[in-house]
Amino acid sequence: MRVIVCENYDEVSKEAAKIVASEVILKPNAVLGLATGSTPVGMYKLLAEMNKNGEIDFKDVKSFNLDEYYPMSADNDQSYRYFMNENLFNHINIDINNTHVLNGLAKDPEKECADFDKMIDEAGGIDLQVLGIGQNGHIAFNEPDSFLYANTHITDLTESTINANARFFEKIEDVPTQALTMGIASILKAKRIIILATGSSKKEVINDLINGEISTNNPASMLKVHKDVILICDKEAYDK
Ligand code: GLP
């Protein structure tokens, strides 16, 4: 895993945006794997600016998002579909029909997940996957456990994740306790992966990611088996 340590959040956003932009320039019909959470917001802002300036074109780009709360309606302002529209899709020239976010109201969640994996395969697989990381090491919504799922699946959220994500909701009781999420193999199948981490709340987990062993108790550590992963973090998250 290559590690890029940046001065601050803005520099992390710039580094990440450069990599995503290069991917789209080199492959105009690139398939991007996208993440939510507060960390990639700065990167999305820069990508929108680059698109506006004519530096990058999203016309033929396809995207697949990592996860969605369950149950959750797409028009709920806490949904990840809403987040993506607000933070990126509404500001770039991507065809909204080429953006894929799991349906948080799917009647048959298992089928929704299997169809999602099939759609990714049919699109030729993900060229570049953007990831954030939870304070407990979760990537997408693959939570620390004694085992991990390979494919896209429905999962229960841990108390730690519910607490961490409560900041986006009015009250903690409003945070959904389940989600649909890409699995570890779905993520590892991406040709290239960048993982972003900023702020001191990520210090412990980033230290464990860099120096610790591969373990299902830190799902992000599974990234160590992938041949093309770049961790981009700020000084606060990187504790030598
Ligand atoms: C959520 C998402 C993850 C994301 C994580 C970190 O739980 N499911 O994909 O990486 O939050 O969020 P933040 O970037 O706000 O710390």
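Start at 1 and go down the list; that is how both ligands and their atoms are numbered.
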| request: Could you tell me whether Ile133 and ligand 1 have an N or O pair separated by under 3.5 Å? | output: yes
| Ignoring hydrogens and geometry, is there a side-chain-to-backbone donor-acceptor pair from Thr161 to Leu157 under 3.5 Å? | no
| request: Report the nearest protein non-hydrogen atom to atom 14 (O) of ligand 1: residue, atom name, distance rounded to 0.1 Å. | output: Thr39 OG1, 2.4 Å
| request: Out of Ala220, Ala164, Ser38, indicate the one that has the non-hydrogen atom closest to atom 13 (P) of ligand 1. | output: Ser38
| note | A student checking ligand 1 against Gly132 at a 4.0 Å heavy-atom cut-off should list atoms 10 (O)
| field | Under 3.5 Å: N/O of Asp67 near N/O of ligand 1 | value | yes
Got a list of side-chain donor-acceptor pairs under 3.5 Å for residues 121-132, not counting sequence neighbours?
unit_1	atom_1	unit_2	atom_2	d
Asp127	OD1	Lys27	NZ	3.0
Asp127	OD1	Lys191	NZ	3.2
Asp127	OD2	Lys27	NZ	3.0
Asp127	OD2	Val31	N	2.8
Gln129	NE2	Gly33	O	3.3

| query | Considering Thr36, Leu34, Asn136, which one's heavy-atom position lies nearest to atom 4 (C) of ligand 1? | reply | Thr36
| query | Got a donor-acceptor contact below 3.5 angstrom from the His100 side chain to the Lys62 backbone? | reply | no
| field | Contacting atoms of ligand 1, where contact means under 4.0 angstrom from a heavy atom of Arg167 | value | 13 (P), 15 (O), 16 (O)
| query | Does ligand 1 have any atom that is closer than 4.0 Å to a heavy atom of Ala35? | reply | no
| Plane angle bin for Phe141 and His138 - parallel if under 30°, tilted between 30 and 60°, otherwise perpendicular | tilted
| message | Take a 6.0 Å sphere around CZ of Arg2 and say whether it holds more than 12 heavy atoms from other residues, nucleotides or ligands. | response | no
| said: Any heavy atom of Glu68 closer to ligand 1 than 4.0 angstrom? | reply: no
| said: Could you check whether Asn85 and Asn90, counting side-chain N and O atoms only, form a donor-acceptor pair closer than 3.5 Å? | reply: no
| remark: atom 3 (C) of ligand 1: of Gly37, Ala140, Ser201, the nearest heavy atom sits on Ala140
| message | Please give me the minimum heavy-atom distance between Asn51 and Ile56, naming the atom from each residue. | response | ND2-O, 2.7 Å
| message | For His138, state whether at least one heavy atom is located under 4.0 Å from any atom of ligand 1. | response | yes
| request: Note the single closest protein heavy atom to atom 2 (C) of ligand 1, along with its residue, its atom name and the distance in Å. | output: Tyr80 OH, 3.7 Å
| task | Can you see which heavy atom on Thr39 is nearest to which on Lys202, and at what distance? | result | OG1-NZ, 4.0 Å
| query | Is it the side chain, the backbone, both or neither of Lys202 that has a heavy atom closer than 4.0 Å to ligand 1? | reply | side chain
| request: Just do the salt bridge (charged side-chain N to carboxylate O under 4.0 Å, His left out) check on Glu49 and Lys52 with the steps written out, would you? | output: CA-CA 5 Å; Glu49 277 168 25; Lys52 211 169 164 199; over 6 Å; no
